[in-house]
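Letters A, B, ... mirror the listed sequences (proteins, then strands); counts begin at 1. These numbers were taken from a predicted model, which means no experiment stands behind them.
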Amino acid sequence: MRRSRSLVPTLREDPADAEALSHRLMVRAGLVRQLAAGVYVYLPLGQRVLDKINAIIREEMNAIGGQEIMMPVIQPAEIWRESGRWDAIGGEMFRLKDRNGRDLCLGMTHEEVVAWLAAREIRSYRDLPQIWYQIQTKERDEARPRSGLLRTREFLMKDSYTLDPDTDALDRSYAAHEGAYRRIFDRCGLRYHVVQSDPGMMGGLGSHEFMAPSAAGEDEIAICRNPACGYAANVEMAKGVPSPPVFPAWTREEIATPNVRTIAEVSALLGIDQRLAVKSLLYVAPKAGPVLALVRGDHALHEKKLARALGEEFRPAHPDEVRAILGAPVGSVGPVGARVLVLADEVLREGTYITGANREGFHLKGVAAGRDFECRFVDLHTVAAGEACARCGESLDVERVIEIGNIFKLGTKYSVPLKAMYLDEAGREQPIVMGSYGIGPARIAAGAVEQGSDADGIVWPWAIAPYHVYVVIVAMKDAAQVAAAEAIYGACRRHGLEAILDDRDERPGVKFKDADLLGIPVRVTVGNALVKEGVVEVRSRKTREEIRLPQDGVVDAVRAIRSREAQP
RNA sequence: CGGGGCGUAGCGCAGCCUGGUAGCGCGCACGGUUCGGGACCGUGAAGUCGGAGGUUCAAAUCCUCUCGCCCCGACCA
């Protein structure tokens with residue numbers, strides 16, 4: 001690729017609407033341009049990065065027996081009505097009508113189409129198992145697109161689906177995907193964790209997420225510091241054992257706490273550890289009605305955990321509802337005497353605490369769960385760093401991460417309503433057992449930028465770099481430099497090294513800055529050293545180490561850097 | 001959907017409070033001098049100030065509505 005004839009619109013300054021590191025750098029390096037909120041154009045270099053990632057994905061998917069297909073972006077409402085998701089999914093689905101008024105939607109995922117296809121084409125256990133995958137554009141009307149390419153409304157996704165006769169076979173398909181995913185992310189040069197994730201309220205037999213640590217991530221995971229333990233889970237479901245406070249020998253009594261609303265104010269007024277207070281939060285659920293959720297004073301309630309415990313969604317009670325139901329304002333409520341369902345976090349099994357008295361301006365001291373009020377104990381609090389691992393007792397770390405992939409055991413959730421059945425060996429009709437598995441190629445790219453960039457720009461992992469070698473011609477009017485650079489450029493290409501030749505009539509500083517910004521792994525500089533000493537410079541973008549050598553040694557020098565720096 | 005911020009030349013911004021007919025840097029075009037980490041001098045092109053309505057002799061500036069984008073939160077099958 002010759003810079004002089006290519007669309008690589010690099011920017012000297014950060015774009016005004018980009019905040020996340022990967023967003024700023026990918027726009028500045030001329031990889032992408034934003035057309036609308038969460039809608040991007042991929043420019044030539046960005047397209048090449050996606051191509052590299054997709055090629056790796058295809059190799060690993062094919063290696064586990066995946067068969068590539070392509071399913072439509074536009075889908076009829078019928079199959080979504082049959083699965084129940086036409087109504088279950090809200091504004092996130094783009095919906096439209098054709099000229100005859102028929103309901104259609106833009107595909108945000110393809111379980112329905114897969115089940116539809118399986119229902120028609122799979123008849124016998126002899127047809128199973130199957131792995132179908134595609135790399136296809138997905139459309140989701142995200143409530144809030146954000147962080148550049150990390151959360152967009154239109155995005156490429158590798159989605160695969162497994163069809164198996166039973167759950168044992170599903171387990172094998174699932175394990176095969178986990179292995180393929182590990183190889184894909186290893187090859188792409190990402191750091192990541194595999195964590196347990198919430199299979200969701202709509203059933204499902206289990207799921208894991210692949211999480212790349214990054215400050216720009218939207219999720220948090222808890223991971224055990226003991227490598228031999230290996231416990232790792234999304235904080236949506238991670239369990240931790242917090243350290244207990246020292247419980248004073250309290251007797252139960254009511255104490256006046258005028259003008260006190262928050263846990264911090266209660267503990268300050270009484271001069272006690274926040275861990276001795278109980279936070280009482282009233283919610284309203286459609287079926288369960290009012291629910292009082294209790295967590296320790298220093299903890300945050302995780303709403304996903306509460307939703308899982310209730311088996312339904314809920315909303316916070318309005319302040320006037322709190323007063324009507326519990327007889328006190330928000331700052332003075334508690335479980336004692338409350339005639340509502342009470343869910344208490346597991347840690348509250350032990351000890352006695354301060355709670356609201358359900359009387360304005362008063363709290364109760366010495367309250368014990370189970371003794372002073374009835375409740376169900378469930379895991380409700382959000383894990384914090386430093387809590388003990390529930391499995392091995394070592395400390396947990398909490399890290400911010402980007403979700404780059406997920407694997408999900410669906411079971412028969414789609415095969416039953418869409419009648420995707422097969423006949424088993426005994427001639428009985430059985431539902432196909434499905435799994436679904438996603439990878440976001442753009443998130444891999446953005447994740448690699450987040451994890452690999454430095455103050456001068458991107459540092460691409462070898463395997464997904466848009467090009468391998470960036471050849472700088474220092475002085476375009478020096479025919480010897482041009483000739484040598486052309487020779488190096490040609491030699492690289494002949495030997496399978498993808499090269500950019502910066503043949504623009506620009507000052508060298510501009511070219512060096514651009515080479516760093518683009519993050520091409522190796523830079524070759526053809527300049528004064530050639531004229532004076534007959535050598536060129538070969539420099540690693542990652543380590544910044546530079547060697548000088550005659551031009552015919554460049555290909556070997558680049559290969560040496562690759563063997564040192566590239567993922568195996 | 002709740003909260004906050006921003007829309008002025010291709011990009012990044014100032015001007016708005018206190019109304020008087022638009023400016024800076026980069027980029028771009030031309031000429032010249034330069035030439036190893038985003039050069040310098042000169043000349044020039046380029047903006048219905050997001051849109052609509054209103055107030056006013058006069059609106060980028062004040063008022064109302066509206067559209068778009070960003071950030072925090074909710075949501076995220």
> If you only use heavy atoms from C-beta on, which nucleotide in B/rG37, B/rA77, B/rC75 is closest to the side chain of A/R146?
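Looking only at heavy atoms from C-beta outward on A/R146, the closest nucleotide is B/rC75.
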> Walk me through it: do A/F185 and A/F210 pass the test ring pair (Phe, Tyr, Trp, His ring centres under 6.0 Å)?
CA-CA 9 Å; A/F185 298 130; A/F210 291 73; 5.5 Å; yes
> Across the strands shown, which category fits A/R539 at heavy-atom distances under 4.0 angstrom: base, sugar-phosphate, nothing?
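Base, at least one base heavy atom under 4.0 Å.
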> Could you tell me the separation between the CD atom of A/Q34 and the C1' atom of B/rC71, rounded to a whole number of Å?
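That distance rounds to 13 Å.
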> Indicate, with a heavy-atom threshold strictly under 4.0 Å, whether A/E13 touches base, sugar-phosphate, or nothing.
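Base contact.
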> Using modelled atom types only, decide if a donor and an acceptor are shared between the side chain of A/K511 and the backbone of A/I473 within a distance under 3.5 Å.
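Pair found, side chain donor or acceptor close to backbone of A/I473.
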> Watson-Crick or G-U wobble partner for B/rG68, using a 3.5 Å limit on both distances?
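Matched B/rG68 with B/rC6 under the 3.5 Å cut-off.
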> Can you tell me which nucleotide in B/rC70, B/rG37, B/rC72 comes closest to the side chain of A/R144?
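Nearest to the side chain of A/R144 among the choices is B/rC72.
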> Can you figure out which of B/rA74, B/rG38, B/rC35 approaches the side chain of A/V510 most closely?
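Looking only at heavy atoms from C-beta outward on A/V510, the closest nucleotide is B/rG38.
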> Please classify the nucleic acid contact of A/S147 as base, sugar-phosphate, or nothing, using heavy-atom distances under 4.0 Å.
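It contacts sugar-phosphate atoms only.
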> Determine, for A/F155 and A/K138, whether the Lys NZ or Arg CZ falls below 6.0 Å from the six-membered ring centre while staying within 45 degrees of the axis.
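Geometry flag: not set, cation outside 6.0 Å or 45°.
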> Rounded off to whole Å, could you give me the CG-to-C1' distance for the A/L306 and B/rC75 pair?
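Going from CG in A/L306 over to C1' in B/rC75 covers 16 Å.
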> Looking for any heavy atom pair under 4.0 Å, which part of the strands does A/A475 touch: base, sugar-phosphate only, or nothing?
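Counting heavy atoms under 4.0 Å across all strands, no contact is made by A/A475.
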> So what does A/N528 hit on the nucleic acid, given a heavy-atom distance under 4.0 Å: a base, only sugar-phosphate, or nothing?
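It contacts base atoms.
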> Which part of the nucleic acid, if any, lies within reach of A/R140 when heavy atoms closer than 4.0 Å are counted: base, sugar-phosphate only, or nothing?
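Sugar-phosphate, backbone atoms only, no base.
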> As an exercise, state the distance from NE2 of A/H110 to CD1 of A/I69, rounded to the nearest 0.5 Å.
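One gets 9.0 Å once the value is rounded to the nearest 0.5 Å.
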> The side chain of A/R28 is closest to which nucleotide in this list: B/rA77, B/rG38, B/rA74?
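So the side chain of A/R28 is nearest to B/rG38.
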> Between B/rG50 and B/rG68, how many Å separate the two C1' atoms, rounded to a whole number?
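It works out to 7 Å between them.
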> For B/rU56 versus B/rA9, give the span between their P atoms, rounded off to a whole number of Å.
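Pairwise P distance, B/rU56 against B/rA9, rounds to 30 Å.
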> Which nucleotide, if any, forms a Watson-Crick or G-U wobble pair with B/rU34, using both distances under 3.5 Å?
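Pair assignment: B/rU34 / none.
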> Looking across every strand, which nucleic acid part, if any, lies under 4.0 Å from A/K511 by heavy atom: base, sugar-phosphate, or nothing?
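Touches nothing.
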> Strictly by Watson-Crick or wobble contacts shorter than 3.5 Å, is anything paired with B/rA58, and which nucleotide is it?
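Here B/rA58 is not engaged in any pair, so there is no nucleotide opposite it.
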> A/E506 has an atom CD; how far is it from atom P of B/rG38, in whole Å?
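From A/E506 CD to B/rG38 P: 13 Å.
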> For A/R507 and B/rA39, is the shortest distance between a side-chain N/O and OP1 or OP2 below 4.0 Å?
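It does, given that an N or O in the side chain of A/R507 lies less than 4.0 Å from OP1 or OP2 of B/rA39.
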> What is the nucleic acid contact for A/Q481, judged by heavy atoms within less than 4.0 Å: base, sugar-phosphate only, or nothing?
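Answer is nothing: A/Q481 stays at 4.0 Å or more from every strand.
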> Would you call A/R541 and A/D456 a salt bridge, using N to O less than 4.0 angstrom?
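A/D456 and A/R541: not salt-bridged.
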> Using Watson-Crick or G-U wobble geometry with both distances below 3.5 Å, tell me the partner of B/rC11, or none.
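Across any shown strand, B/rC11 pairs with B/rG25.
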> Pick the C1' atom in B/rG12 and in B/rG47, then give their distance to the nearest Å.
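My reading of the C1' atoms in B/rG12 and B/rG47 gives 15 Å.
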> Taking atom C1' in both B/rU64 and B/rU55, compute the distance separating them and give it to the nearest angstrom.
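It works out to 11 Å between them.
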> Could you say whether A/Y414 or A/A18 is positioned toward the 5' end of RNA chain B, judged by the nucleotide with the nearest heavy atom to each?
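Counting from the 5' end, the first nearest nucleotide belongs to A/A18.
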> Using a heavy-atom cut-off of under 4.0 Å over every strand shown, decide if A/R315 touches base, sugar-phosphate, or nothing.
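A/R315: no heavy atom of the nucleic acid under 4.0 Å.
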> Send over the distance from A/R153 CZ to B/rC69 C1', rounded to a whole Å.
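From A/R153 CZ to B/rC69 C1': 11 Å.
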> Base, sugar-phosphate alone, or nothing: which one does A/A36 contact when heavy atoms must sit under 4.0 Å apart?
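Here A/A36 touches the backbone only, sparing every base.
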> If you take atom types as modelled and just measure distance, does the side chain of A/D14 reach the base of B/rG12 with a donor-acceptor pair under 3.5 Å?
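Answer is no: no donor-acceptor pair is held.
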> Between the main-chain N or O of A/A77 and the side-chain N or O of A/R95, is there a donor-acceptor pair closer than 3.5 Å?
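No, A/R95 side chain to A/A77 backbone: no donor-acceptor pair under 3.5 Å.
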> Can you tell me the pairing partner of B/rC75 across any strand shown, Watson-Crick or G-U wobble, with both distances under 3.5 angstrom?
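Paired with B/rC75, as far as the under-3.5 Å criterion goes, is no nucleotide at all.
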> Checking base pairs now: Watson-Crick or wobble, both atom distances under 3.5 Å. What partners B/rU18?
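None - no nucleotide pairs with B/rU18, as no candidate has both distances under 3.5 Å.
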> On a whole-Å scale, what distance lies between the P atoms belonging to B/rC24 and B/rG32?
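After rounding to an integer number of Å, I get 26 Å for this pair.
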> Suppose we call a contact any N or O donor and acceptor under 3.5 Å apart; does that hold for the side chain of A/R504 and the base of B/rG38?
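Such a pair does not exist between side chain and base.
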> Out of B/rA77, B/rG37, B/rG38, which has the shortest distance to the side chain of A/L517?
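Out of B/rA77, B/rG37, B/rG38, the nucleotide with an atom closest to A/L517's side chain is B/rG38.
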> Could you give the distance separating B/rU8 and B/rA59 at their C1' atoms, to the nearest angstrom?
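B/rA59 and B/rU8 have their C1' atoms separated by 14 Å.
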> Take atom CD of A/E142 and atom P of B/rA77, then tell me their distance rounded to the nearest Å.
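Taking CD of A/E142 and P of B/rA77, I get 9 Å after rounding.
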> Could you check how far NE2 of A/H302 sits from P of B/rC75, rounded to whole Å?
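Value for this atom pair: 9 Å.
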> Which part of the nucleic acid, if any, lies within reach of A/S436 when heavy atoms closer than 4.0 Å are counted: base, sugar-phosphate only, or nothing?
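A/S436: no heavy atom of the nucleic acid under 4.0 Å.
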> Can you identify which nucleotide, out of B/rA77, B/rG36, B/rC70, has its nearest atom closest to the A/R85 side chain?
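Nearest nucleotide to the side chain: B/rA77.
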> Measure NZ/A/K532 against C1'/B/rC35 and give the value in whole Å, please.
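That distance rounds to 12 Å.
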> When you compare B/rU21 with B/rC35, how far apart are their P atoms, in angstrom units rounded to a whole number?
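Here B/rU21 and B/rC35 have their P atoms 45 Å from each other.
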> Does any N or O in the side chain of A/R400 come within less than 3.5 Å of the main-chain N or O of A/G217, such that one atom is a donor and the other an acceptor?
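Pair found, side chain donor or acceptor close to backbone of A/G217.
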> Would you mind pulling out the nucleotide paired to B/rU48, Watson-Crick or G-U wobble, both distances under 3.5 Å?
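Result: none.
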> In whole angstrom, what separates A/R12's CZ from B/rG10's P?
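Result: 18 Å.
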> When the C1' atoms of B/rG36 and B/rU43 are compared, how many Å lie between them, rounded to an integer?
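Between the two C1' atoms, the distance is 30 Å.
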> Check every strand shown and say whether A/R33 touches a base, only sugar-phosphate, or nothing at a heavy-atom separation below 4.0 Å.
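The residue A/R33 makes no contact with any strand.
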> Can you see which heavy atom on A/F94 is nearest to which on A/R140, and at what distance?
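Answer, listing the atom of A/F94 first, then A/R140: CE1-C, 3.5 Å.
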> Measure the spacing between CZ of A/F408 and CG of A/L410 and express it to the nearest 0.5 Å.
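Here the rounded value is 6.0 Å.
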> I want to verify a distance call: between B/rC70, B/rC35, B/rC72, whose nearest atom is closest to the A/A37 side chain?
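For A/A37, the side-chain atoms sit closest to B/rC70.
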